[in-house]
Amino acid sequence: MSSEFLTAEIWSQITKAVKGSRQRCAVAVAYFGKGADRLLPLPKGSRLVVDASERAVASGQTYPGALLRLVKSGVTVYTVPNLHAKVFVIGGTAFVGSNNASGRSASHLIEAATRTTDSAAVLAARQFVSDLCLHELTPKVLRQLARLYRPPLIPGGNGG
């Protein structure tokens with residue numbers, strides 16, 4: 001068992017772990033931005049929980065197009081309004097931190113996470129994600145949500 005506190009290269013470590021995993025992943029991450037399916041290329045059979053509420057989509061925080069690509073590749077996607085968690089279970093490892101699945105998180109924001117292989121923590125994290133898997137997003141619903149999507153306003157910009 002090991003645990004490590006991460007402050008740099010969090011997304012490169014998560015992406016590498018996902019690409020190297022042959023097991024189904026379980027992820028709960030509040031926002032899933034444009035291109036996030038490349039940051040988190042989940043294998044077939046994985047579960048992903050995001051906030052794909054109309055508010056999150058219309059504000060540009062969650063991009064339905066990226067979710068639809070994952071659904072088409074065999075990932076089951078769920079939505080939970082007001083989700084704020086960032087929990088990534090990849091094989092026998094869990095990452096828990098501040099990072100949403102977005103380009104800004106990967107390249108601009110100061111993020112922190114803990115990576116652990118403690119079996120009890122990994123099991124609890126997987127169960128946490130599983131308990132959120134209630135409202136599945138179908139391709140039809142994702143196409144409807146795509147009509148609401150607007151690119152996000154950058155904080156500090158016009159009225160941001």
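Everything numeric in this text was worked out from a predicted model, so none of it was measured.
Placement of V57 and V80 in two distinct hydrophobic clusters is found when ILVMFWY residues are connected by side-chain heavy-atom separations under 4.5 Å, directly or transitively. Note: the hydrophobic cluster containing V71 does not contain V129 (ILVMFWY, side chain heavy atoms under 4.5 Å, direct or indirect links). By the rule that hydrophobic residues join a cluster once side-chain heavy atoms approach within less than 4.5 Å of another member, L6 and I90 end up as members of one cluster. In terms of hydrophobic clustering, with Ile, Leu, Val, Met, Phe, Trp and Tyr side chains grouped at heavy-atom distances under 4.5 Å, L148 and Y63 are assigned to a common cluster.
Residue S3 comes nearest to T116 through the heavy atom pair OG-OG1, 2.9 Å, listed as atom of the first residue, atom of the second, then distance. Counting all heavy atoms, side chain and backbone alike, L42 lies closest to V75 at O-CG2, 3.7 Å. Across S21 and G91, no two heavy atoms sit closer than the pair OG-N, 4.3 Å. L137 approaches A52 most closely through the heavy-atom pair CD1-CB, 3.7 Å. Closest approach of L132 to L83, counting heavy atoms only: CD1-CD1, 3.9 Å. In terms of heavy-atom proximity, C133 sits nearest to V49 at SG-CG2, 3.8 Å.
In this structure, CZ in F95 is found 5.5 Å from CD1 in I14, a value given to the nearest 0.5 Å. Put simply, NE2 on H84 and OH on Y31 are 6.0 Å apart, with the number rounded to the nearest 0.5 Å. Between W11 atom CH2 and N99 atom CG the span is 5.5 Å, to the nearest 0.5 Å. To the nearest 0.5 Å, atoms CZ (F32) and CG (L70) are separated by 4.5 Å. Atom OG1 of T15 is separated from atom CZ of F88 by 9.5 Å, given to the nearest 0.5 angstrom. We find the NZ-OG1 distance between K44 and T76 to be 10.5 Å, quoted to the nearest 0.5 Å.
Between V89 and V122 there is a side-chain heavy-atom pair separated by less than 4.5 Å. Using a 4.5 Å heavy-atom cutoff, the side chains of D51 and Q61 are not in contact.
With S98 contributing its side chain and A112 its backbone, the two residues share a donor-acceptor pair below 3.5 Å. Distance alone, capped at 3.5 Å, is enough to place a donor-acceptor pair between the S59 side chain and the R55 backbone.
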key: From CA spacing to verdict: side-chain contact (heavy atoms from CB on, under 4.5 Å), Y78, H135   = CA-CA 5 Å; Y78 301 86; H135 304 287; 5.6 Å; no
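Checked options V27, L48, L68, T138; the residue passing with V77 is L48 (criterion: side chain to side chain contact (heavy atoms under 4.5 Å, CB included)).
Here E4 pairs with R115 under the side chain to side chain donor-acceptor pair (under 3.5 Å) rule; sequence neighbours left out. Among residues two or more places apart in sequence or in another chain, the side chain to side chain donor-acceptor pair (under 3.5 Å) test is passed with D131 by Q127.
Under the salt bridge (charged side-chain N to carboxylate O under 4.0 Å, His left out) criterion, the residue pairs touching residues 16-41 are D37-R69, with sequence neighbours excluded.
Other residues, nucleotides and ligands place more than 12 heavy atoms under 6.0 Å from the CD atom of E136.
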